[in-house]
Amino acid sequence: MAEPAELKGTTSARARRWLRRTAALLTAAPLLTGVLQIPAAPGAHAQPAPAQAKASGSRTVDVSVDSLTPTTPSKDDTLTVRGTVTNRGDSTINTSYVGLRVGQPMNGRNDIDTVAKRNGYSPTLDGTEVAEKYEQKIGKLPVGISRDFTLSIPVKELHLGANGVYQIGVSLTGQTKSRPWPQVMGIQRTFLPWQQTAVPKKSKLTYLWPLISTTHLTARTGADEQQTPIFQNDDLAAELAPGGRLQQLVALGKNLPVTWVIDPDLLATVEAMTKRYEVQGQTDEDTTEGRGQAVAMRWLNDLEQAVQGRQVVALPFADPDLASLAHRGKNVTGALSHLQSATALASTTVDTILHVKPRTDFAWPVNGAIDSSIVDVATSAGAHNIIARSDSLRETGDLQYTPTAARQIGGGNTAVVADARLSTAFTGDMTRAENATLAIQRFLAQSQMLTLQAPDKQRSVVVAPQRMPTATQAQAMAAALGGLSGGRWTQPASLGGAAKAQPDPRATQRVPAARSYPAALRRQELPTDGFRKIQQTQSTLDKFEVILTAKGRVVTPFGTAIMREMSTSWRTDPRGSTGFRDSVQAYLQGLTEKVRLVKKTDVTLSGRSATIPVTVQNNLLQPVELRLVLRSQQGNRLAVSDPQVVTVQGGHTQSVKFGTTANANGRAWVTAQLYTVDDQAYGPEMSFKVNVTEITSTVILVIAGGVLLLVLAGIRIYLQRKRSAARSGEDGAGNSEKQDGEAAEGEHAEPDEGEPARALVPGQPSDPAPDTGSQSADPSGSGEKVER
């Protein structure tokens, strides 16, 4: 290591260096022995301490390293470090300067973790400063004041040795009025990967690049022919806009050697935004027009170009929570069927929208945490590769290196075990430049140290980051991958390639038991009652579907909504999860109630037979077909006709007439019930009362007698007219030779009583015989009973 150069204003640079080191040792000694009692202070990247607990000692100054370039330097590069120093103590710091310290190379991955957690300055661990000419003078630093700094140092001046990960520290040295000698007042450590000679076997590194979002679409659609989609909000437009989370993921990922992991629901949702869409308001009727068409079209176009020629893994539609299904949903009848449907829909959606054929044989449980039940559920839908994580599938053997990612876990299934350290490197707040810089250097250091563990053994390494990285997290991830672009110790590989890699025979292959599943993750799971409500919605949809003639207008939006109810994204929003499930069920139930029986008032039947109309109302926009059944609760009193199939056009009502027969007077209750064509009751039963009033026999006899009298009267009038006509004919034939005393055809007519006998005119055989029914003294018949 280079010794510090001379300080200005001294007669001897060597003496000045001796004084500086002595002062540093004197300052650090009380800290190391515990003699100096001071309040605990936060680390350099933590929030400032409260005013009553001022920082002191080597933690007095907060040193922030906001950038370090290049991240993986070569010998001819110049290392540039930028940042700020802030006085968190209770007195002014004088004669201060910022310098760079180089420590010893790390011995393993655990050493990197230990150094990253260490606070305070240690003269034996934090190395020596580089030449004085590369220091930056700060001078006077009052309490609470910050100063920016920039250190530019040729890499060759760092005097780095063999390949490895070196600890470097940026420190501020100064003095105070109470302690008037040079001392380290604050330090921030990071790591510098150094690789100048080729590695025999580079690690194959697979980095998953996830495109996943929360649920944005509702189950509702517009009443128009196009079924305009209705969104919960317009937040997705901001994610797709320039600088937004999803826009950054696509813009950065297109230039990186990554495997795209996509939730097809996100693609379907964005594709819906490319056309006219609406955003719901406070009520169902209160909607506004969405404004994200342009950014949605641009994003899909950019994504389609970015994934061409790359491996794309499609998660099941809406990214269902596999652990929740395994632990709480599999005992609810039908719950697992949604996973199979979501897997089948995934490939079609990605292929249709992005025009690439995705792989659907990978399952990704949340945080890569697995147990035997999760593996069983994941593989039940056809995924034979499970993306796990090394803090779940832990190594229990004596391996001295990180094994390759692929593990055979039985049943023809493979666990692709992502490295936990690399996968969680960017989960923190990356909006602060210091946090991003430290995360990038730590990631690079861990990846190099992983390769150096066994440089003669090529291994496959998988990185599975958080599901929904923020824009700044994505930027940090991209910067870290950029640091690996030189390919000095890694080379890119696809997820499919990682799954096919030859497993290490000594690596752990036993899947953890259910009791080992993290309690914190278990508390986030969708409850069993939630799966029951999902199945209630599915049952309602199944029954509703049967009566529809345009099934796709209802089945498609509600089918995908049910899949969204099981999304992993609900883990951080349990209240939103409950609200979404309830809203889907309520909206579907409301649609089913648009097809109903119109309530009837009481009916009165005057007679033995009549028809009863029952009206079916359809307020949907499409025709429906059902079977209507009418039942009499007093069948011995009132009988009704057989069920009838009824088709009702959208927005119309249809009356169906049922024949009835009354057998007795009195009240009878009748129920009407709609049924689907597969004989499932549809909607509530409707009851109404029928009052039967039968006509009595006496009334019928009176009416029949009156009718008979009218008939007899008509006959009598008719006979009288005929008789009058006959008499007029006899008077006109007075000159006939045979008038009185001769009967035609040898027959004699009986004279009328009180009149002399007269001979009938011969030659009139067509004259009718006399009708004496009207003269009969016999009583007339009772007549025929008329039924109504």
Side-chain angles (χ1 to χ4, degrees), residues 109-110 113 205-208 210 212 259 261 313 315-316 319-330 339 361-381 383-399 401-428 443 446-447 450 459-469 495 498-499 501 503-526 568-569 571-572:
R109 301 188 72 184
N110 290 335
D113 296 335
L205 189 136
T206 300
Y207 205 105
L208 307 187
I212 302 171
T259 294
V261 180
V313 171
L315 299 175
D319 188 21
D321 191 337
L322 300 177
S324 294
L325 273 167
H327 297 155
R328 305 173 190 267
K330 67 180 181 180
L339 179 59
D361 56 339
F362 284 89
W364 189 14
V366 63
N367 288 6
I370 64 171
D371 59 33
S372 55
S373 64
I374 294 174
V375 171
D376 290 343
V377 166
T379 57
S380 68
H384 300 297
N385 301 293
I386 315 299
I387 302 171
R389 209 165 70 183
S390 60
D391 54 353
S392 177
L393 197 63
R394 298 177 181 272
E395 292 305 315
T396 57
D398 57 353
L399 283 177
Y401 58 86
T402 301
T404 199
R407 319 285 173 83
Q408 298 302 318
I409 56 175
N413 301 314
T414 301
V416 182
V417 184
D419 186 81
R421 288 185 175 100
L422 299 179
S423 298
T424 59
F426 304 102
T427 55
F443 176 90
Q446 286 285 358
S447 66
L450 187 152
R459 286 156 293 148
S460 177
V461 182
V462 173
V463 181
Q466 58 274 28
R467 266 176 153 71
M468 290 186 281
L495 183 60
D504 193 310
R506 293 190 294 166
T508 297
Q509 300 179 9
R510 185 174 181 179
V511 177
R515 64 177 178 275
S516 65
Y517 190 79
L521 292 179
R522 194 179 290 273
R523 287 193 295 269
Q524 295 177 345
E525 291 177 349
L526 181 66
T568 301
S569 65
R571 279 180 169 259
T572 57

Point to revise | Where Arg328 and Leu526 come nearest, the two heavy atoms and their spacing | key: CD-O, 2.9 Å

Check your understanding: Is any side-chain heavy atom of Asp319 less than 4.5 Å from a side-chain heavy atom of Arg467?
Key -> yes

Review point. Do Ile387 and Leu208 pass the side chain to side chain contact (heavy atoms under 4.5 Å, CB included) test, and can you show the C-alpha distance, the side-chain angles, and the key distance before you say yes or no?
Key: CA-CA 10 Å; Ile387 302 171; Leu208 307 187; 4.0 Å; yes

Check your understanding: Under 3.5 Å, is there a donor-acceptor pair between the side chain of Arg571 and the main chain of Leu521?
Key -> yes

Study note, to complete from the structure: Residues at least two apart in sequence or cross-chain that pass salt bridge (Lys or Arg N to Asp or Glu O under 4.0 Å) with Asp113, listed by chain then number, are Arg421, Arg442

Exercise for review: Just say parallel, tilted or perpendicular for the rings of Tyr517 and His327, cut-offs at 30° and 60°.
Suggested key: perpendicular

Review point. For Ile212 and Trp364, what are the C-alpha separation, side-chain angles and deciding distance, and is it a side chain to side chain contact (heavy atoms under 4.5 Å, CB included)?
Key: CA-CA 12 Å; Ile212 302 171; Trp364 189 14; 4.2 Å; yes

Check your understanding: What distance do Ile409 atom CD1 and Thr414 atom OG1 have between them, rounded to the nearest 0.5 Å?
Key -> 7.0 Å

Exercise for review: Examine distances only and state if a side-chain atom of Arg394 and a backbone atom of Asp391 form a donor-acceptor pair shorter than 3.5 Å.
Suggested key: yes

**Study point:** CD on Gln509 to CZ on Arg407, rounded to 0.5 Å
**Key:** 8.0 Å

Review point. Thr572: what forms a side-chain contact (heavy atoms from CB on, under 4.5 Å) with it, not counting sequence neighbours?
Key: none

Exercise for review: Output, in order, the C-alpha distance, side-chain angles, deciding distance and verdict of side chain to side chain contact (heavy atoms under 4.5 Å, CB included) for Ser390 and Glu395.
Suggested key: CA-CA 8 Å; Ser390 60; Glu395 292 305 315; over 6 Å; no

Point to revise | Nearest heavy-atom neighbours spanning Thr404 and Ala501 | key: OG1-CB, 4.2 Å

Check your understanding: Any ion pair linking Asp419 and Arg459 (charged N to carboxylate O, less than 4.0 Å)?
Key -> no

Point to revise | Any residue meeting side-chain contact (heavy atoms from CB on, under 4.5 Å) with Arg506, in chain and number order, not counting sequence neighbours | key: Asp398, Leu399, Tyr401, Asp504

Exercise for review: For the pair Asp376 and Lys330, find out whether any cationic side-chain nitrogen is under 4.0 Å from an anionic carboxylate oxygen.
Suggested key: no

Check your understanding: With distance as the sole test, does Arg109 use its side chain to make a donor-acceptor pair with the main-chain N or O of Leu450 at under 3.5 Å?
Key -> no

Exercise for review: Indicate the atoms forming the closest heavy-atom contact of Ile374 with Ala369, along with that distance.
Suggested key: CD1-O, 3.6 Å

Review point. Minimum heavy-atom separation for Thr206 to Ala498, with atom names?
Key: OG1-CB, 3.8 Å

Review point. Got a donor-acceptor contact below 3.5 angstrom from the Ser423 side chain to the Ala420 backbone?
Key: no

Point to revise | Over 12 non-hydrogen atoms of neighbours within 6.0 angstrom of CZ in Arg510 | key: no

